[in-house]
Protein chains: 2
Amino acid sequence: MARKPATLDPQRLDNQICFAVYSAAHAFNRVYKPLLDRLGLTYPQYLVMLVLWERDDLPVKEIGEKLFLDSGTLTPLLKRLEAAHLLKRTRSREDERQVLIALTPQGHALKEKARSVPQSILAASKCAVSELVAMKDEIVALRDRLNAVIGE
Amino acid sequence: MARKPATLDPQRLDNQICFAVYSAAHAFNRVYKPLLDRLGLTYPQYLVMLVLWERDDLPVKEIGEKLFLDSGTLTPLLKRLEAAHLLKRTRSREDERQVLIALTPQGHALKEKARSVPQSILAASKCAVSELVAMKDEIVALRDRLNAVIGE
DNA sequence: GCAGATTCAATTGCGAACAATTAAATGTGA
DNA sequence: TCACATTTAATTGTTCGCAATTGAATCTGC
């Protein structure tokens, strides 16, 4: 049984892209934390707000599709954002199964306060924008291939 | 106020590398799930086992440093792995503050059963190994820069 | 040797994340 | 029309992830 050199052993933690992604996600979270604390948001809540700042009045389902999250995650999260007066949840009148999510004036206003966040993250990454964009595109392509496999 | 084109707006979800990483981590998790179910492990538990398969008899602290996790996460997770008879937790005799984690025979044996996991992930990623290695190195470098900023 | 600081694991409390199930509304085919 | 399937959100239960705190063991300077 030929022993592989450590740098090629696929069962080693440091050789796994998945752990790289997993640990990078946590590192991002820790950088975001103090920035989002000032807005009173957690990172997943911030993601929901980003979606709503682009387009308002969406059903829960559609927010879930954009963020790859299901109602088990979103329902309580949206209730917390509603309790913080950032959005309102209303049953659709055309289709009573849907709950539509609409920003309150405070929810809209928060977009301005959040404007500096991406720049702070960029600074922390100590990386050229062009490099980050290239990396992002690669990671998104990988994610989409993985998600395609799940659907099989 | 010059409106940026959508492809450059840093406040757009699709332009954020962080969301790419966040959603890729979840996609990986979903691909791992059925593979790890057969081993009776969750993904974070699998990470701990990877660490211990490389080196046994580690204090909780050291496992935490390798995985970027703290005792609040690890203590209950390790207790569950102990309940599954995969490892044993023992207070160090030289330093009673430390708890040493050692694999049981079953814990060691699981390494063989887990050997095929990385290959299945590789297949799901539909990507050349060389490309994945390059991506992994970039992501690790980014992660380490982010973690360096946090320590400031 | 001893007071005070530091280290380490455990605990508590809260917010994700997701599987599985439930209940209500809507759609579909005969 | 009516039985049956599908869609949508909510709910329940388990596991992470982390901040903050606790308590015990160890280290440090004097």
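Computation of the quantities below employed the complete heavy-atom set of this structure, encompassing side-chain atoms and omitting hydrogens, waters and symmetry-equivalent molecules. Order of the sequence lines sets the chain letters (A, B, ...), proteins ahead of strands, with each chain counted from 1.
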Per the side-chain contact (heavy atoms from CB on, under 4.5 Å) rule, which among B:V48, B:V117, B:L35, B:L110 passes with B:L41?
B:L110
How long is the gap from CG on A:L146 to CD1 on A:I139, to the nearest 0.5 Å?
11.5 Å
Quick check for you: name the first and last nucleotides of DNA chain D, 5' to 3', having an atom under 4.0 Å from a heavy atom of chain B.
D:dT15 to D:dT26
Table of protein N/O atoms under 3.5 Å from nucleotides 2-4 of chain C N/O atoms:
none

So, using salt bridge (Lys or Arg N to Asp or Glu O under 4.0 Å) as the criterion, who are the partners of [X] when residues are at least two apart?
X	value
B:R89	B:E82
B:R97	B:D95
B:R93	none
A:E54	B:R12

With sequence neighbours left out, which residue pairs that include part of residues 39-49 of chain A fulfil the side-chain hydrogen bond (donor to acceptor under 3.5 Å, both in side chains) condition?
none
Residue pairs involving residues 18-28 of chain A (criterion side-chain hydrogen bond (donor to acceptor under 3.5 Å, both in side chains); sequence neighbours excluded)
A:S23-B:R143
Summary of salt bridge (charged side-chain N to carboxylate O under 4.0 Å, His left out) pairs that have at least one residue in residues 57-79 of chain A, sequence neighbours excluded:
A:R55-A:E62, A:K61-A:E65
Interface with DNA chain D, restricted to residues 81-99 of chain B and to heavy atoms under 4.0 Å:
B:E94, B:D95, B:E96, B:R97
Protein-nucleic acid N or O pairs under 3.5 Å, nucleotides 15-19 of chain C:
from   : atom 1 : to    : atom 2 : distance (Å)
C:dA16 : OP1    : A:T42 : OG1    : 2.5
C:dA16 : OP2    : A:Q45 : NE2    : 2.7
C:dA16 : OP2    : A:R80 : NE     : 3.0
C:dA16 : OP2    : A:R80 : NH2    : 3.3
C:dA16 : O5'    : A:R80 : NH2    : 3.3
C:dA17 : OP1    : B:Y22 : OH     : 3.4
C:dA17 : OP2    : B:Y22 : OH     : 2.4
C:dC18 : OP1    : B:R30 : NH1    : 2.9

Just wondering, do A:F19 and B:L50 contact through their side chains at under 4.5 Å, heavy atoms?
no
Any non-hydrogen side-chain atom of A:E96 less than 4.5 Å from a side-chain atom of A:S92?
no
Result block: side-chain N/O donor-acceptor pairs under 3.5 angstrom for residues 99-108 of chain A, not counting sequence neighbours:
from   : atom 1 : to     : atom 2 : distance (Å)
A:T104 : OG1    : A:H85  : O      : 2.7
A:T104 : OG1    : A:L86  : O      : 3.2
A:T104 : OG1    : A:Q106 : N      : 3.4
A:T104 : OG1    : A:G107 : N      : 3.1
A:H108 : NE2    : A:D56  : OD2    : 3.1

Whole-Å gap separating P (C:dC8) and CD1 (B:I101):
14 Å
